[in-house]
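What follows is a set of notes on a single structure, which appears directly below.
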There are 2 protein chains.
Amino acid sequence: MGTQPGRSVTSKVLALLDAFSPASPTLTLSELARRAELPLPTAHRRVAELVAWGALERGDDGRYRIGLRLWEVGSLAPRGLGLRELALPIMEDLYEVTHENVQLAVRQNFELVFIERIAGRRAVPVLTRVGGRFALHATGVGLVLLAYAPTEVQEQVLAAPLERYTALTITDPVRLRRRLAEVRRAGYAISDRQVTMDALSIAAPIRDPDGVVAAISLVVAHDRADPVALAPLVQAAGRVLSRALGAYRQPSGRVPLRSRHERQ
Amino acid sequence: MGTQPGRSVTSKVLALLDAFSPASPTLTLSELARRAELPLPTAHRRVAELVAWGALERGDDGRYRIGLRLWEVGSLAPRGLGLRELALPIMEDLYEVTHENVQLAVRQNFELVFIERIAGRRAVPVLTRVGGRFALHATGVGLVLLAYAPTEVQEQVLAAPLERYTALTITDPVRLRRRLAEVRRAGYAISDRQVTMDALSIAAPIRDPDGVVAAISLVVAHDRADPVALAPLVQAAGRVLSRALGAYRQPSGRVPLRSRHERQ
DNA sequence: AGACGCGTTTTCACTGAATGAAAGCCGGCG
DNA sequence: CGCCGGCTTTCATTCAGTGAAAACGCGTCT
């Protein structure tokens, strides 16, 4: 046939969903087709099906957007809402005590994804978005997630060029490696003006029986608070959550490691 | 071929996603196949592609769950996180003032979907879940959403049997119709022990330029607070949000209609 | 130990769901 | 009016998808 034989229908459908981004949450059919690299009629047909099911919605302006139905399904992700559901009360507490930004993130490959954020109106503005991604090497949550990530992941991140956000951002792999060791030793991370020059974050790991699965942090104005004083607070929040996830429970017989067959 | 000719690949993929539910957020391949009504090999192939993309994830136990990637995409739904993002600070405020449950919901066809919920540790337990659905005729948010829904929707809901949750649940269409009129007149809804005998909720509409798009509510112990006293608080929150959504902005092309029956 | 049972993965010959070029449609604009 | 850009439909062609059946793994029962 015409374009790329070898492309599955499923991959096309997924490409259509992937066309949306925080920067362009609504798209026209033509934009969708272009971004998903599909001929217009093909896009048209798949999109129609997605709309019928509710994965996409069509606005009065004719533009397409992600539908509520997909949001509903997405909210069943254990690492998304499941985690969030558990964490929110504790995040609330942290927020109420400090009135600073509270963030919750997990690692997804070589980046982090923000699962939840409580943004105090009076706190330093942060440029993160729930569902948004960020590099692992700069933020507090990122440092924690990286420090406890599998070695392969760490090596891969350390091998790639580390993006600089401020004059203080650590971009030297050797220094970063040392920082990660410190984080593991201390059990928390402080990221001082690594992303913006006005903010500082204190982060702690969240564990389940298999290891570190998420990180929680407080983002404060860099000149306002004493990070070392706040660390125990954040650590405590992390531990409460870890306990809720069963991290300190007696490992009831090791889960047999299921050898994954490479690919299909 | 074998099963149902006429079933598109896309519909199969969507059926697989739809197999997950709050009650069963993780499934084995066989369960997935059964629920999606697909032969096992077919399910296996589609699922493999979904996992490769990140729409599904496979746990160490071999069970499948909704993947973080799908959660990310879902979080781009304007009626989901978009709305939530805007609402959360105001919900925080409501929570901090009252320490009661705060809920945000939109209507999806003939049900409501909870977009956000702040559950106070000290507040009445509520049985709702973010991403969960509920009937329109009982809760505070439901009454508001129904009161301002298109007539067809109201008729359809009133025509169907209204499920009873407590002895006080309104199940008589005639009474419900009267209640809806009251809600529109008052500009807020009070749902007293309609869902459980210990809770009561006060809800107000949230508008954008096209009408009511969501509802916000406070859920309190039925014997604890004076709902009429709390109503202005909830209404104010609704109005702040409506303003943020551009509800009271000059409709660009349209002549501003100053209705005599100004709705709160 | 061997045999059974259950869930998953792979094989393989067949076919209809998907395809896209081209033509038709619609609504806005000069 | 006639053009233009974006959307929708048609239709002959074909490749991605299919599922019965068989192989595979793994835990459990005898």
Determine, for A/Arg63 against A/Glu31, whether the closest basic-nitrogen to carboxylate-oxygen distance falls under 4.0 angstrom.
->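 Salt bridge: yes.
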
Would you call A/Glu116 and B/Arg84 a salt bridge, using N to O less than 4.0 angstrom?
->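 A salt bridge links A/Glu116 with B/Arg84.
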
For [N] and [X] - does any side-chain N or O of the residue sit under 4.0 Å from the phosphate oxygens OP1/OP2?
X	N	answer
B/Ser30	C/dG7	no
A/Lys12	C/dT19	yes
B/Ser8	C/dA17	no
B/Arg45	C/dT10	no

Interatomic distance where [atom1] belongs to [X] and [atom2] belongs to [N] [whole Å]:
X	N	atom1	atom2	answer
A/Leu29	C/dC25	CG	P	19 Å
B/Leu40	D/dC24	CG	P	18 Å
B/His44	C/dT9	NE2	C1'	5 Å
B/Leu38	D/dG19	CG	P	8 Å
B/Arg7	C/dA18	CZ	C1'	16 Å
B/Arg46	C/dT9	CZ	P	14 Å
A/Leu32	D/dG6	CG	P	14 Å
B/Leu27	C/dG7	CG	P	14 Å

Under 3.5 Å, is there a donor-acceptor pair between the A/Arg79 and A/Gln108 side chains?
->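 Yes, because at least one side-chain N or O of A/Arg79 sits under 3.5 Å from a partner of the opposite role on A/Gln108.
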
If you look at every strand shown and take non-hydrogen atoms under 4.0 Å, does A/Arg58 touch a base, only sugar-phosphate, or nothing?
->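 Touches sugar-phosphate only.
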
Taking every non-hydrogen atom, the tightest pair across A/Leu40 and A/Ala33 |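 Closest pair (atom of A/Leu40, atom of A/Ala33, distance): CA-CB, 4.2 Å.
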
Nearest-nucleotide comparison on DNA chain D, the residue closer to the 5′ end among A/Thr10 and A/Glu31 |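 Upstream on the strand: A/Glu31.
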
Specify the residue among A/Val9 and A/Gly62 whose closest nucleotide of DNA chain D lies further upstream toward the 5′ end.
->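 The 5'-side residue here is A/Gly62.
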
Taking only residues two or more places apart in sequence, or in another chain, which ones meet A/Arg177 in a side-chain hydrogen bond (donor to acceptor under 3.5 Å, both in side chains)?
->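 In terms of side-chain hydrogen bond (donor to acceptor under 3.5 Å, both in side chains), with neighbours along the sequence ignored, A/Arg177 is linked to A/Glu155.
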
Nearest to side-chain heavy atoms of A/Tyr64, which nucleotide of C/dT8, D/dT8, C/dT19 |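 Given the options C/dT8, D/dT8, C/dT19, the side chain of A/Tyr64 is closest to D/dT8.
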
Nearest to the side chain of A/Pro41 - D/dG17, C/dA22, C/dT10?
->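 Among the listed nucleotides, the one closest to the side chain of A/Pro41 is C/dA22.
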
